[in-house]
Amino acid sequence: MSESKLSRRDLMRLLAVSGAAAGMGGVLAPGQLRADPATRKDAPKGVRVTGTDHAATTVVDGKVIQPRRELTLLDETDVLVVGGGPAGVTAALAAKRAGAKVTLVERYGHFGGLWTGGLVLTVLGHIVKGDKQVCQGIGEEMMRRLDKLDRGIVNRGRGKNPIIDAEALKYVMVDMVMESEIDVFLHCWGVDAIMDGNRACGAVFESKSGRQAILAKNVVDATGDGDLFAAAGADHERRKYHAGLPSRIGNLDRVDAKKAGKVKPRNLGSVTPIPGVNWVNMHGPDIDGLDVAELTRIELNSRRLIWKNVEKIRKTPGYEEVYLMETAPQVGVRITRVLNGEHTLKMSDLKSGARFDDVVAVGGAWHADHQEWHIPYGALLPKNVENVLAAGRCISGERHMSDLIRVIPNCFITGHAAGAAAAVAAKDGCTVREVEIPKLQKLLRQQEAYLG
Amino acid sequence: MNDARQQDHPATAEKPRRGKFRRRLRMAVRCGVFAAAIVLLLPLAPWGWSTMVVPAASVFVTLASLIATRSVGAAAVIGLPIALVVLLRKRWFCRWMCPMGLMTECVGRVSPLSHKRCRRVPPLGKAVVLLSMAAACVGYPLLLWLDPLAIFSGLFGLGHATGGSAAKVSVMIFGGIMVLSFVLPGAWCLKLCPLGATQEFLAVPRKLLLRWRKGAGDRDDSPTDAETKSDPGGPIHRRSAMEKIAGSAFAGLGAMLGCEAHLQGTGSDASVLRPPGAAPSGLFPQLCLRCGNCVRACPTKIIRTDRQSGSLVGWLAPVVVFETDYCREDCNDCMQVCPSGAIARSDLADKPSARIGLAHIDMDRCIMAMGPECRAMCMNSCPYEAIVMHEWTFEDDRRYPIVETEKCPGCGACVLACTPMNAIQVRPLLPSPDSHGAPLPGGKGRTETL
């Protein structure tokens, strides 16, 4: 049976990977962290803490004041990638493959961001008219790895929009990140930029270890929300957009649609690689995705709504077996901050088929219904801040372009470009603004990116 | 008197005394005008409106359009001065300007057949003018496409990607006129051409005025020289009475047909889209000359010649088809070139109010209305921001596009944006556009089908 064969192969691979990682553990410098906790030999065995030398936040004259303090240094690196979504992981891989020292930081416990954690399972917008695939490079490599897995990806024909399995992709991303020996910190929330004038030189992170700093030559902001470039003081726009909580429902292979009669359930979602399981999208209300009160409200209300909708489905004759498999671990925030960069992507450019000399990525159409559009390097580059690059949905574009920029393939291609550019800058000892475009384009082409 | 004389050809009506020099001058002017017409129609001139000049010079078209629309269009700037000159000098346009006349005359001269044969041809041109003008008074001019300058302009669409078929018909009519000019030299210009007939009618007031003044000054001298020559040897009273009866009959028929067109136009709506700023659906096919100017002017080639709609009235009139492109917001080329006012001349700033139709979204096809993720290209690609989203709430958890009827000019940008789903189509404007776009109550997510 193919199933047992594959699982055995997977097991072998896991063993090989962890073996290799364990082997490397010994070579690492003391105190240096690697992605695999198994390599850590400095875990405390249990220390009794009697008091704290940490000065607490106090209320002074009715205002909450945080005392000035020194932060511990978590890491020092060439390229710091904040955010482990499709843009962040590709950026880290691209920079690492270009020979830079890379640190990748993610706020949740898994990679993939909204692609996996937000259950945005469809890969929309990587093809253009004529069914040509324009979003390639490392993102395409991920999908090729998914191809080899059982139930990793479906609908992967020419001119189709593939649908991935979130767990399979989380595994693939972990695999790729660990193979390339990128320094990783999960459960780390980037909260501030470290600045030297208008030059970024790292970021501050909050985690269970407290507040720590990572110093870096270049920072790639792949947070999606543009948290880092906003903290660094880059020009940007804050947008309200609809946000929702997707979910997955199961047992659809046990549905007897004949019993239902004329009135069938409205939204049963779309297929996933797992038979009988569909993913159900939620458009959701327009919210400010940076307002924690709104995020809380949407999360609470969505859970109620999803449960009620599943109950509605179950009440339909023939659909009794359908059940709610999971709601997305992350609420699907579509657009929040958008960089006001050196170049702004415009719908008119897309319509006229504008071409740019500093193209670093080529965006696609959702349903192969229009031509390819160039994403120039300037769209990733902040106007007034040095050594920060935006990647993913927060790159510079006018409002009408939001829906094209925010999709998964366009996130991984801009991530790829940003990562490669940051590595080139670190290698050449220049700022990201001064990166030689032909050199960057050559590198991107070497890494199998499509630039038109 | 020069204008009271009837010769074999209007173009040869000339005082023998002034002789050679004037004849040569006139020939030179006519050749010059002919060359200028070709330059304007090709168009080799740099102005966007250049193709409009030649057909707009037709007095027949100018007057019919003026009467039908009850307004002075931009094209009348060319036609009205010519009409004024023609009021004073009978058939002045034929003699000095008409490129078609030059060609028929050349063919007539080559022909060995007698020029006198055409006298037997009934004056159908006058009948056409009476019919068309009477119909124009009701609001629907008919047979404007018989105008020689429109036919001449139509020739220049030959070989054009989207305007070729109308040009073929123009070529056929043109060829017919040329064959006729060979077989019956002078018959077209003297008896059949509606433009010539219009000029004949325009000369009547001056003739009457002259006769009245002559009668008042010298009552003994009657009948005048002009009258005896215009009706050579015939019983004057019976013939003119017959002509009057026939004329009234044609005018009455025209008025009737105009009313019929009026009823057709408002009753059953045409299913086709017309260019932006086009006259209302019933009037448009009547006002349209089929000159092909708008079809050729359209840079995105969405204006095409109608051959499919099956309506005889609208046959070969321009229609808008959103297959390859949409009506660009930064273009009003077709609105610059219409000689008859079938497409109203308008500035770019007023383009949003020049409507083609109204976008209609089929909610059974709209992917967003059905639940999956959609990039809302309909909304994002709309140059007029006429598509908005129904606000999603936890009580009404649906998101779907709504067309704001007062903003949508029917440019078709959303039609092309939604090509994979084909959920949007632009429909011709209807008397009450309020019912477009919004789903029916009851959560079916279906728009009302009109």
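Note on naming: letters A, B, ... go to the chains in the order of the sequence lines (proteins, then strands), and numbering restarts at 1 for each one.
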Report which part of [X] has an atom under 4.5 Å of a heavy atom belonging to chain B: side chain, backbone, both, or neither.
X	answer
A:L268	neither
A:S302	both
A:R304	neither
A:H242	side chain

- Item | B:Y400 to B:A369 - nearest heavy-atom pair and separation | CB-CB, 3.8 Å
- Hey, which of B:A417, B:A376, B:C374 has the most heavy atom pairs under 4.5 Å with chain A? B:C374
- Query: Highest number of heavy-atom pairs under 4.5 Å with chain A: which of B:M379, B:M370, B:M368?
  - Reply: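 The answer is B:M368.
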- What residue in A:I298, A:T122, A:N281, A:D286 has the most heavy-atom pairs under 4.5 Å with chain B? A:N281
- Item | Pairing of A:R248 and A:D165 as salt bridge, 4.0 angstrom limit |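 Answer for the salt bridge query: yes.
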- Between B:R398 and B:D396, is the closest basic N to carboxylate O distance under 4.0 Å? yes
- Message: Checking A:V154 now: which residues fulfil side chain to side chain contact (heavy atoms under 4.5 Å, CB included) with it, not counting sequence neighbours?
- Response: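 Here the qualifying residues are A:I163, A:P273.
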- Sorted by chain and number, sequence neighbours left out, side chain to side chain contact (heavy atoms under 4.5 Å, CB included) with A:M347 holds for A:L350, A:K351, A:E398, A:H400, A:M401, A:L404, B:M377, B:N380
- Message: Heavy-atom cut-off 4.5 Å, strictly under: side chain, backbone, both or neither for B:E395 against chain A?
- Response: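 Neither part; nothing is under 4.5 Å.
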- Task: Measure distances from B:E391 to the heavy atoms of chain A and classify the residue's part below 4.5 Å as side chain, backbone, both or neither.
- Result: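 Contact with chain A is absent: no heavy atom of B:E391 under 4.5 Å.
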- Task: Show your working on salt bridge (charged side-chain N to carboxylate O under 4.0 Å, His left out) between A:E311 and A:K315 and close with a plain yes or no.
- Result: CA-CA 6 Å; A:E311 274 186 343; A:K315 274 178 194 154; 5.1 Å; no
- Task: Report yes or no: do B:D397 and A:N309 form a side-chain donor-acceptor pair below 3.5 Å?
- Result: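 The criterion, which ignores hydrogens and geometry beyond distance, is satisfied for A:N309 and B:D397.
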